[in-house]
Every structure is written in C-alpha cells, then in structure tokens.
Amino acid sequence: MIAAVLAIALGALAFDARELPGIEVTGVRPLSGKAITNYSHADLDGDGLTDILLDDAILFQRQGGYPAASRYALPDAGDAARLQAWNGDLYLWSESLLSRYRWHERGWERVVAYALPRPETDPLPAASGATGGRRQAFLHDFDGDGTPEVFSVTPEGVHVFARHGAGYNEAGLLNILPGRRITSDAVPRLWLPEARRLSFPVLKMACRLVMEGDGITVLLREAVDSETVRYGRTRYRWDGEQAVARGTETTQAVASYLHPCRLNDDGMLDLAGGCEKTSETTMLPLPVYETWASLDGGKTFHVRRSASIPGFRPRCAFVDFDGDGQADMITEETGLFEGGAREAMSRLLTLPEVGHTVRVFRQQDGGFARQPALRAVFVIRLESPAAAQGDMFSRYRAGKLVDVSGDFDGDGSRDLVVQDRIDRLSVHLVRDWIFRSTPDAVLSIDRAAQFAVADVNDDGRSDIVLHEEGKMSRVYFSREEGP
Amino acid sequence: MVTTALLCLLSGALFDVSEIPVDSRQAVCFMAAGPTGRTDLMVLSGNQLKRYPSANFQRGQVLRLDEGTSAFDIADLDDDEIPEVVAIQGTAIKRFSYGADSGSAETLFELETLFTAASTPFPRVLVLPFEEKKVLALPRRDALELRHLDGSLAARFPVGRDAPLSMSFGRPFSARVVDPPEVAAPGGLEFRVNTVIARLPSLPETLAPGMAPLGPGYRYGTRRQAREALGQPVRLWPWFPLAPDGASRVRALYATENAHVTVVRIQGDPGTPQGSSHVGPPRRYPGQMLTAADVFPDFNGDGLTDLLLWDAPDPSPSIGMLTRALATRSWPLRMTVHLYDARHRRFSAKPAGILQLRSPVAWFLEQPGRPPIRHMVLADFDGDGQTDLACSTTPQTYSVWCWGEKGFNGPPDFSCVLGENLLNVAFRADLDGSGRTSLGLRGASKIHVLQARAGATPP
C-alpha cells in the first residue's frame with residue numbers, strides 16, 4: 001500500500017488518501033443510501049478494529065489504515081467455496097466441507113471442519129465483484145441460540161442444516177419459494193396461418209427472500225401488465241423443523257417503477273421509486289422526475305416532483321438523513337430550465353454551468369413533510385454548455401456528481417458531496433439542518449476519476465473512494481482534525 | 001361502438017378509419033382468422049374477448065371465456081374453413097364454436113399441462129397441422145406433446161435434462177445475496193431469487209415452421225455497435241442484407257462516424273477474386289441509420305434494400321430557430337432515402353427521397369442519440385409493391401407517406417389526429433391479401449384502425 005499521500009483540511013474535517021487495491025464501491029442503494037461494495041466488514045483478528053473481507057483476501061486494519069503488509073490471502077477451499085464471517089471466525093463452505101477458521105499471529109488456523117455436502121442444486125457462487133461474489137451468506141441463527149444454522153437456497157426451497165453434536169445435519173427443507181409461472185410477455189401471431197409459430201412457454205419467478213431471526217419472508221413480484229406489478233408478502237416462522245406460514249398480504253397493482261424497500265421499522269411493506277414524466281404545462285416540454293413513496297403497502301403515495309433532464313436518475317432518493325431511524329426523501333432538481341423559455345434556451349446553449357438543488361423531505365407522522373427540511377443549492381461547472389453534451393454533462397445526467405449518503409463528521413446527520421468541477425470534490429457538512437454554501441473540505445481529483453461514498457474503515461465517518469479506469473482505487477479516509 | 005371521430009386529412013383516401021374502444025391499458029390486441037374467411041381483430045380484456053370482423057370493424061361481438069381459462073387459440077380444427085376456439089381451463093382441454101361463449105364448450109379431454117396452474121387467459125398457438133391432421137400442441141413439464149382431438153398421443157418431444165437434444169434459455173436459478181439489504185431489518189439477510197426458463201424441444205423438420213426462434217432471425221446492429229464500429233475491424237461492423245430474400249449474399253456494412261454521418265461499405269462482390277469476402281470502399285452518407293425491426297425497406301421495388309437515414313441540425317444559438325422551436329415546441333428533422341444502385345454497387349450519393357418534418361422537442365430530449373421518430377412502420381400501404389413510410393409526427397398525429405415516382409411528396413399522403421396519445425402500433429397486417437397494409441394504432445382508450453381502402457390508387 002502506498003503511504004498517505006494527501007491530507008486536506010478546512011476546519012475540523014480532513015481526509016487522508018490511501019490506495020487500496022481491490023476495493024470497489026460501485027454506488028449506493030437508491031432506496032436506502034447504503035453503499036454497495038465488493039467487501040464485507042468483520043473483525044477477524046480480534047483487535048477490536050474492523051477488517052475488510054474481500055473474495056480472496058483479508059485486509060487487517062492497522063493504525064487506522066490497511067497497509068499492504070496486513071493483506072493476507074484467505075484459506076484455500078476452492079473457487080466454488082462460499083465464505084462468511086461470523087463472530088470473529090471465517091467460515092468457508094466448499095462443495096463437501098464446512099470449515100471454520102480463526103486468525104492467529106502466523107496465519108489461518110482451521111478450528112473445525114464438518115462434512116457437509118452442499119445440495120446438488122445449490123447454485124455456484126457468482127464471479128467476484130460488487131454483487132456478492134463468493135461472499136454469499138449461508139449462516140443465520142434462526143433459533144437465536146448463538147450457534148449459526150447453515151442454509152442453502154436452491155430451486156427446491158431453503159435447506160437448513162442445524163448443529164447437532166459434532167456435526168451439522170439437515171434440519172429441514174423449507175418449500176417456501178413460489179412456483180415458476182408462465183409469462184405472457186409477447187402476444188403470438190395467430191394469423192396468418194403461415195405466420196403461426198409454436199412456442200414453448202417461458203416460465204419465470206422472481207422474489208426476495210428475507211431472513212430475520214426465526215422469521216422468513218417471501219416477497220413475490222408479479223407483473224399485472226407491462227406497466228404495473230403487484231407484490232405479495234408471505235411470512236413464515238422457522239419452528240426448528242419447518243416453515244410455518246403466518247399469512248400473506250398482497251398489495252394493489254402499483255406502477256412497475258415502485259420497488260419494495262424499508263423506509264421505517266413499522267413492519268408495513270414500503271414501496272418507493274421514481275419515474276420521468278414530461279410537463280405539459282410549461283412553454284418547453286420540460287422533463288420532470290417524480291419521486292414516489294408509500295409507507296403503507298401501496299395504499300397511499302407521497303410524490304414530489306422536480307425539474308429534471310431527460311434520463312436523469314438521482315444517485316440516492318431515500319436515506320435516513322437525520323439518523324432518526326426513518327428514511328427521508330431526497331429530491332434533486334436541475335436549474336437548467338429556470339426562468340423564461342428564452343432564458344432557459346440561452347443557458348442550455350451558452351452557459352457552461354448548471355445550478356442544482358437538493359431537497360430533503362423528512363419522514364414524520366406517517367408521511368413525508370410537505371416542505372423540505374433542507375434545501376441545498378450548488379453551482380456545477382460543466383466545462384461546456386449542456387447542449388454540447390460533454391463528458392461532465394453526461395456524468396451530471398447520470399446522477400454521478402452529487403451524493404447525499406455520507407456522514408463525514410460522524411454526527412449522525414448526512415452530509416453532501418458535490419463534484420462541482422471536473423477536478424474537484426466539495427464536501428458540505430450539514431449540522432442541525434443547516435447547509436452552508438461554502439464547502440467544509442475540498443478535494444482535488446483527477447479529471448477522469450469518479451467518486452463514491454462509503455464508510456470503508458467502519459469508524460462511523462464516511463470516506464470517499466475514487467475510481468479511475470486502469471488505476472487502483474484511492475480512498476480518502478475522513479478524520480476529525482488536520483495533520 | 002364509438003363512431004369514428006378522427007380528424008383525418010385525407011388526400012389519397014388510403015385508409016378507412018375506425019375506432020375500437022378498449023377498457024383498459026391491459027387489454028391485449030391480436031388478429032385471428034375469422035369465420036367469413038376474412039380477418040378478425042380480437043381484443044382480450046380480462047375474460048372478455050371481443051371480436052371485430054375486418055369487414056366491419058365497428059361491429060364487435062363479445063365472447064366470454066370461462067373463469068380459470070389460461071390459454072386459448074383460434075384456428076380451424078376441422079378444415080371446414082370456419083375457425084373454432086380451443087381453450088384450456090385447468091386440466092380441461094375444451095373446444096367451442098367461434099361466436100359462442102365458452103359456456104357451450106365441449107371438453108375434448110383432460111390433461112395436466114404447464115397452463116394448468118395459470119388462470120388468466122392469454123392467446124397461444126395450440127393448434128398445429130401434423131401428419132395431415134390438426135393436433136393440439138400442449139407443453140408439459142418434461143415434454144411438448146402433440147395430442148389428437150380425442151386426447152390420444154400423436155407425438156412427444158422431451159425437454160429438459162432427459163431430452164435427446166436439450167436446449168434452454170434464460171437463467172435456470174439464481175439466489176444472490178442483496179448486500180446491503182433493501183427490505184431486511186438491520187442484521188437480517190436478504191436474497192434476490194430468480195428463475196427464468198424457456199425450453200426448446202427438438203422438433204422434426206415436418207413440423208417446420210414449428211417452433212418459433214426466440215427472436216427474429218436477423219436484427220440490425222445496435223446504435224452502440226454502429227457508433228463503435230469505426231474503431232473495429234470491418235468484419236465486426238453491423239450489417240444488413242441487400243437482398244433479404246437470399247437472392248444474393250451481398251451485405252451493407254455500416255458505422256456511425258458522428259451524429260451526422262454514416263459510413264457504408266458493401267461486402268460481397270462475385271466479380272472480385274475475394275468473392276463474398278470482398279469489402280468495397282467506405283462511402284459517407286449524411287445522417288444516421290434509421291431501422292425498423294426486421295424490415296428491409298425497398299422503396300423502389302427492385303428487390304434490394306435501400307438506405308434510410310435521419311438527421312437533425314445541432315442546437316445552435318440561432319434566434320430564428322430558437323424562436324420557432326419555442327413557438328412550435330418542435331425541432332426540424334430530415335429523413336432521406338438512398339436507393340441501392342446495383343450497377344455501381346453502392347447506395348446513390350444523391351437522396352432519391354427526402355422528408356422534412358418537425359418532431360416534438362421532447363422526443364429529442366427523451367433519449368439523446370435515439371431517433372426522435374416514434375411508431376415508424378415501413379410497409380406497402382398502397383399496394384404498389386414499394387415500401388412506404390408511416391410514423392407519428394406529434395404524440396397524437398399519425399402520418400403516412402407513399403413512395404411515388406419522385407420519391408416522397410412533401411406533405412403526407414394521409415394524416416390523422418387521434419385525440420389521444422399514441423402508445424404503440426398494435427398491429428400491421430394485409431387484411432384482405434391485396435398487398436395493402438392496414439394499421440392498428442393503440443391509444444389509452446381506443447385502437448384506431450387505419451384499414452387499407454380497397455381500390456385506393458397510389459398517389
């Protein structure tokens with residue numbers, strides 16, 4: 001690892017830059033604001049510091065960083081082995097063996113191994129990457145006894161293996177996955193006779209499987225037509241041998257751009273998403289992005305509209321901004337079309353910058369506040385007018401220039417990062433719902449770099465990760481004071 | 001039936017226009033053989049099937065399908081030139097007369113099929129000629145079975161693991177962890193479980209054309225492929241056949257140089273030592289390729305595909321253009337046709353036809369780089385054997401240009417205002433075998449049928 005190369009501080013916020021090979025942060029979940037990474041956090045050496053578990057290596061945290069000397073390969077259990085950290089140990093499940101490893105000063109020690117063949121139909125782990133790779137969970141403590149059960153999700157259902165004596169035995173096969181259903185996507189030609197074509201029907205099933213304690217929930221998405229879907233939620237309870245159904249709820253037909261999510265802890269199914277529409281009431285046919293949320297399973301909706309540009313998708317539309325446990329709604333609005341039509345057209349064609357507004361609508365009283373609790377306005381330099389559709393404008397349209405998911409000072413309130421120049425990131429801390437237009441920190445970055453936000457070292461303060469094609473990821477660790 | 005209320009500007013009397021109401025956006029529209037030997041338009045909404053004979057689209061007849069009906073077909077089972085309806089309800093395979101409700105259906109036999117578990121009616125091809133008889137093709141868990149009308153097995157074609165030739169598409173099964181979770185509470189686990197499977201039984205040639213391919217046999221390259229082609233070896237360029245009927249193997253390879261220039265090279269010259277691998281010189285044409293899925297436009301009817309391009313001026317701070325754009329909320333658009341010149345083995349440098357249009361600004365903004373042309377149909381609308389062009393010119397206006405001796409005339413040969421936004425082209429069909437294509441334009445509340453008018457003369 002290359003040593004600290006940069007530290008920038010303005011006021012109380014500072015960043016130390018480190019290169020961390022293999023680390024990727026590919027974005028944030030738009031409905032939760034959580035970072036999508038190609039690693040997991042665990043403390044595998046028992047020093048109380050969070051380590052980084054990759055598909056093929058462990059990075060131990062040493063003195064606030066992850067030096068190259070603290071990077072170690074994982075025990076070899078074959079490419080098909082899944083891996084998961086549990087209570088300070090590393091579990092590897094190969095095709096026939098479940099092994100538990102513990103780190104000692106000199107390396108990995110296999111504590112115990114159980115003969116436990118994976119079900120024949122257990123799907124192979126995916127290739128390494130940010131979508132889980134080999135870090136596919138297979139341990140879960142269904143019965144709350146502190147010893148994890150082992151499970152495998154297969155076409156037949158969920159196989160559960162429980163610890164009995166010196167080994168793991170199959171405790172049950174939970175036949176809870178919905179069956180494949182025939183799709184009705186394309187209308188076949190019944191006429192002319194010579195145009196008739198026989199087709200074997202396409203069978204499809206898509207669901208979410210959620211495990212929380214002894215509860216298992218199956219969330220089934222069914223297309224009603226090309227534009228609407230319906231979600232069915234069936235809850236089960238694991239009783240040690242089988243899954244006991246506890247009831248099914250089905251939503252009304254909702255727009256297909258609404259997805260299930262968790263916006264609060266009230267137990268109701270939440271739905272959220274967004275869609276692009278065109279305003280018919282303005283002189284120019286302006287695109288409008290609508291952010292939708294339902295906190296009651298699709299019965300009622302909260303919608304906020306923002307002037308947008310075609311194809312724009314906010315990086316993150318829901319995040320618990322104030323740390324109260326409830327996700328707040330984030331909208332982003334472009335200033336490209338502000339003012340009169342002629343003014344807007346002139347701005348599109350001649351002005352190499354754009355005004356951008358972020359609004360945060362707090363979740364409260366079973367809904368979202370009518371007025372934003374926070375309104376932050378930036379000016380982003382695009383290098384060339386929007387009509388020229390340059391690289392910076394492309395990034396702007398892709399929602400890559402603004403991030404509201406980070407908490408850089410660890411105060412529980414989210415802060416904002418804006419790439420307001422092609423070679424600059426500005427970090428604005430938010431305290432007590434107050435946004436200051438003057439950035440609290442500024443980072444100079446390469447022109448080709450793209451940024452993401454994640455708490456890489458799990459210290460409660462978000463960090464900034466820079467990716468650039470052909471280069472190692474560089475992490476700007478946030479800390480409290482300047483060097 | 002709502003009588004026609006379209007505001008139509010007819011100059012060539014190309015179409016008779018009628019409207020068919022649809023009660024929901026979920027309604028399914030398709031064509032089927034009718035009892036009079038003509039074609040019927042069918043609109044399926046829930047369990048109600050409405051039939052509109054093409055002889056008179058304004059007179060609809062309602063057929064009710066029983067609750068629990070999953071699949072149905074409309075075909076002539078007994079070769080009396082009058083179609084019957086075959087419907088599957090649970091395990092029951094039923095037949096009833098065309099024009100009657102399924103309540104009067106005769107149960108042919110019972111069989112567990114893949115449709116058994118479904119309960120929403122949807123049209124399927126179930127009736128098939130096999131060994132000079134009509135049989136029912138019924139997909140089952142492990143085979144496609146052809147059954148005679150009495151239920152006896154005519155043929156069986158296994159699918160899946162035990163099939164002699166097993167082909168399947170899709171994603172058999174995947175369970176991927178969602179990390180971080182989107183629905184699960186903190187500390188919980190979440191998986192996204194998916195399975196999609198489409199099996200293809202190995203069918204004998206005698207059933208050809210039996211099984212549909214998963215997609216059309218030929219597709220134009222994507223816009224991205226065209227954009228990136230210039231940096232690739234020419235063998236990787238997207239292409240289209242100049243003689244779609246297979247009369248020759250000459251191809252046109254194309255690449256997008258920029259938003260205003262397409263490069264075309266002709267491959268396959270029997271007169272050269274390299275023969276079919278010979279690639280001619282690059283030639284530049286103004287505009288970007290405009291394609292319609294699986295249609296190879298032949299505007300002059302010489303059997304060879306012609307080149308259709310579109311182009312639009314870049315936004316520029318021209319006060320005149322801006323003012324007009326603001327006033328009309330539209331932007332200029334040009335479509336050009338370059339005919340293939342077989343003698344010189346190239347597309348003509350000079351366009352043989354030019355259409356000057358104005359498209360809504362929103363269409364340019366919606367997806368930059370995508371042609372701002374909606375619902376384009378390339379077909380022969382006037383029966384002269386030459387390709388004509390139809391497309392939306394505003395969200396509620398549909399226009400048709402017929403190719404004539406001098407190419408396209410300036411104004412459209414047919415134009416109509418629908419009174420609602422056009423969602424898609426529900427069907428395009430030669431309803432009476434005259435070579436004239438009729439269109440069904442789907443709006444939110446109606447299908448607007450443009451039925452080719454018999455006796456209409458090319459403009």
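Lettering follows sequence order; numbering is per chain, from 1. Reckoned from all heavy atoms, side chains included, excluding hydrogens, waters and symmetry mates.
Side-chain atoms of A/Q136 come within 3.5 Å of backbone N or O of B/V177 as a donor-acceptor pair. Distance alone, capped at 3.5 Å, places no donor-acceptor pair between the A/R181 side chain and the B/A118 backbone. Panel note: side chain A/R196, backbone B/V127; a donor-acceptor pair is recorded below 3.5 Å.
Nearest heavy atoms, A/V187 versus B/C29: CG1-O, 4.1 Å. Closest approach of B/P180 and A/A35 over heavy atoms only: CD-O, 3.1 Å. Shortest non-hydrogen contact noted between A/L190 and B/I74 is CD1-N, 4.1 Å. In plain terms, the two heavy atoms of B/L431 and A/W191 that are nearest each other are CA-CH2, 4.0 Å.
At a 4.5 Å heavy-atom cutoff, the contact between B/V193 and chain A is made by backbone and side-chain atoms alike. There is no contact between B/D76 and chain A, counting heavy-atom distances below 4.5 Å. Residue contact with chain A, scored on non-hydrogen atoms closer than 4.5 Å, involves the backbone and the side chain of B/A33 alike. Neither the backbone nor the side chain of B/L44 comes within less than 4.5 Å of any heavy atom of chain A. At a 4.5 Å heavy-atom cutoff, the contact between B/F115 and chain A is made by backbone and side-chain atoms alike. Only the backbone of B/A143 comes within contact range of chain A, judged by heavy atoms closer than 4.5 Å. Only the backbone of A/L139 comes within contact range of chain B, judged by heavy atoms closer than 4.5 Å.
The salt bridge (Lys or Arg N to Asp or Glu O under 4.0 Å) search around B/E190 returns A/R208, not counting sequence neighbours.
Among A/R189, A/E227, A/H259, the residue with the largest count of heavy-atom pairs under 4.5 Å with chain B is A/E227. Note on A/K34, A/E212, A/K204, A/M205: by heavy-atom pairs under 4.5 Å with chain B, the leading option is A/M205.
Close placement of the B/F191 and A/F151 rings is indicated, their centers lying within 6.0 Å of each other.
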